[in-house]
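Report on the following structure.
When reading the values below, keep in mind they use all heavy atoms of this one structure, side chains included, and skip hydrogens, waters and symmetry mates. Order of the sequence lines sets the chain letters (A, B, ...), proteins ahead of strands, with each chain counted from 1.
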Amino acid sequence: MWSSGYLLIAKKCAWALGGQREGSELNMCIPLCFQLKCNMLALCVFWFLLWSHVVGAPKKQLEPAERLWVQLQKDSKETKKKAGKTVGNRLTKLYKENKLPASDVSELLQAADEAGLEFSNPIPKKRKFEPGKAPELGEAEPEEGCRDKNAARSLDRFLRKNHTWKDLYWAKIPMKNPKKKANDMEEKWMPFLLPHEWLPDYFLQSSPWQEGMPEEGSFCWPAGKFPRARHEPGKAALAQIRSDWDWNCKYFHAPQWNEQKGMCWLCKAKPENWREMTTCPAWERQEQSLDKAEYLHFLADREKEANPLFILPSASNDTMVPDWMHVLDEGTGALAAVQILKELLPLYPGAHVDERVSQLWEHIQILYEEQHWPQDKRLKKLTLKDIVKPKKVPELDGKAHEVRHLCPLLECLCKAKGLHEGSVHQKAVYKVAKYCSKMYKCLEEGNLLELEKAGRKFVSQYMALEAEATSADESEVKLWRSKPKFHVTSHILDLVSLGHNPKHSWNYRDETFAGCMQKLSFRRGGKFEPGMAAEKLLLRWMADIPFLHFAAAIQLFQEP
DNA sequence: ATTATGCATGTATCCCAGAG
DNA sequence: CTCTGGGATACATGCATAAT
């Protein structure tokens with residue numbers, strides 16, 4: 001009934017696919033080579049004509065510069081070939097990223113092909129329809145019959161063929177159809193990338209996903225039997241669920257930051273006393289911490305149900321580890337950074353605020369240059385809107401990892417403007433910057449001892465500034481106001497003091513991940529089957545990110 | 001103002017015939 | 001036998017327009 005069933009059979013029979021694959025590639029190669037030769041020939045003829053015209057005419061003496069120009073043009077044949085490949089790859093990538101419908105991509109690829117660009121083209125060469133060209137039927141509808149009705153299929157076949165991953169594994173999964181009112185479950189075929197088949201290789205690769213992955217060493221295969229066949233039922237351990245505070249509220253019914261009965265899932269802090277619970281020594285917080293029974297009671301008190309995962313003996317509220325990115329980079333770190341920048345702003349020359357902002361931005365750029373900061377770690381822009389928001393706490397509008405790499409520069413910025421020998425308030429601001437910078441530097445170096453020290457000072461210094469700002473001027477409460485995330489920062493530092501490196505549980509990937517998957521799974525038509533949608537998404541992703549068979553290669557190298 | 005409908009466009013999948 | 005490409009049909013979705 002479901003065509004996915006047929007796919008399962010086809011996919012299972014890897015031997016049935018092997019033979020034709022080479023043949024089919026050959027099929028694609030032959031017309032390509034033929035065309036390549038034709039193009040080369042045409043180019044040679046063209047250049048011969050040009051050359052004979054310029055050089056063969058003795059009357060006109062060539063200037064050396066012109067000679068050079070002619071030579072450069074000759075070289076550009078290679079350049080053109082390369083450019084053609086780039087264009088072809090880029091166009092195919094547009095399809096892989098699901099940015100254009102298949103028919104548009106097909107049209108573009110064919111146009112590129114006609115323009116003489118050489119690349120491995122997923123669209124067949126011979127064709128009936130001509131994009132953009134009106135058939136002789138009539139001028140009234142020039143687009144009539146111009147589109148390739150099978151473009152989606154051609155590109156789909158291309159996706160299936162052109163990836164280096166193992167074939168997808170299909171299994172029947174009971175699912176609920178949201179469109180049907182009845183609550184009965186249907187079994188649907190769903191595709192999978194089996195973790196044991198690709199994770200070992202994946203963790204041997206470096207660059208593209210490094211930023212989002214746990215630190216090396218924190219991931220390992222649980223002891224036990226490694227699956228030998230695709231279908232062997234394996235045992236797995238759920239090691240980590242990644243979430244932000246919002247998720248914790250939604251799925252684990254963690255309290256929100258302003259709940260009267262308690263605003264922290266790790267201890268008994270309440271809105272009226274969380275400030276004391278933040279600056280106090282670690283052992284005091286420890287005394288007030290919630291154990292699992294107390295947390296379950298706390299849930300019942302707030303008339304919430306415990307997540308079924310809490311049945312597991314090891315799952316409890318203290319396994320919900322707060323992560324560095326959400327708490328520091330997108331919370332306290334960014335907050336401190338932007339307020340320090342705001343304090344610095346009046347110290348820059350310039351008649352107008354905008355001018356001073358651009359001066360400050362220049363200064364940051366210089367620091368980036370001095371320290372040879374990689375481009376992708378730098379803040380992309382800094383405008384007045386980022387720093388000053390009328391009647392609002394300013395917010396730094398940057399990516400989390402940009403904030404992470406801006407914070408270590410704060411001390412330099414403050415020192416350059418002489419905050420460390422200014423007024424009492426300025427000195428206090430300098431201290432926040434100093435400890436913030438130090439904290440981030442220690443984090444990068446993995447120096448946990450110093451990280452905890454600097455972190456504690458950062459938190460207490462910030463809170464002290466808040467107290468000062470509140471007592472000094474009622475209207476200025478907006479600045480240096482602390483947020484409940486400082487409390488969570490303290491909890492992170494408690495974990496650091498116990499030897500937990502924040503890098504092991506941080507969570508840089510999930511912010512962009514959901515958006516990426518949404519874009520990849522956008523569908524433009526066709527019969528809807530959950531398995532089909534999932535397969536399309538996986539295929540696009542697999543074609544876009546090449547799979548490198550490191551583990552197999554290493555084994556081959558070691559065995560003989 | 002909201003909802004139903006037609007139309008255009010796009011995808012999924014089947015069938016078929018030809019090539020190797 | 002499998003792959004390939006043409007064609008047909010069913011299904012999805014967005015948009016403009018008509019109906020309520």
(message) Please report the distance, rounded to the nearest Å, between CG in D156(A) and C1' in dC3(C).
(response) 15 Å
(message) In whole Å, I'd like the distance from the NZ atom of K99(A) to the P atom of dG10(B).
(response) 19 Å
(request) Would you mind checking if E259(A) and K261(A) are paired as a salt bridge, meaning a charged N to carboxylate O distance below 4.0 Å? (result) no
(message) It should be established whether K536(A) places a side-chain nitrogen or oxygen under 4.0 Å from OP1 or OP2 of nucleotide dA12(B).
(response) yes
(request) Return yes if the base of dG10(B) and the side-chain atoms of R153(A) contain a donor-acceptor N/O pair under 3.5 Å, otherwise no. (result) no
(message) Treating R404(A) as the side-chain partner and K399(A) as the backbone partner, does any N or O pair qualify as donor plus acceptor under 3.5 Å?
(response) no
(message) Rounding to an integer number of Å, can you tell me how far Y95(A) OH sits from dT11(B) C1'?
(response) 9 Å
(request) Just jot down the ring-ring contact (aromatic ring centres under 6.0 Å, His included) partners of W361(A), sequence neighbours excluded, or say none. (result) none
(request) State which residues pass ring-ring contact (aromatic ring centres under 6.0 Å, His included) with Y95(A); sequence neighbours excluded, sorted by chain then number. (result) none
(request) Could you check how far CG of L159(A) sits from P of dT11(B), rounded to whole Å? (result) 12 Å
(message) Can you measure L155(A) atom CG to dG5(C) atom C1' for me and round it to whole angstrom units?
(response) 14 Å
(message) Rounding to an integer number of Å, can you tell me how far L539(A) CG sits from dA12(B) C1'?
(response) 14 Å
(request) Quickly work out the L100(A) CG to dG10(B) C1' distance and round it to whole Å. (result) 13 Å
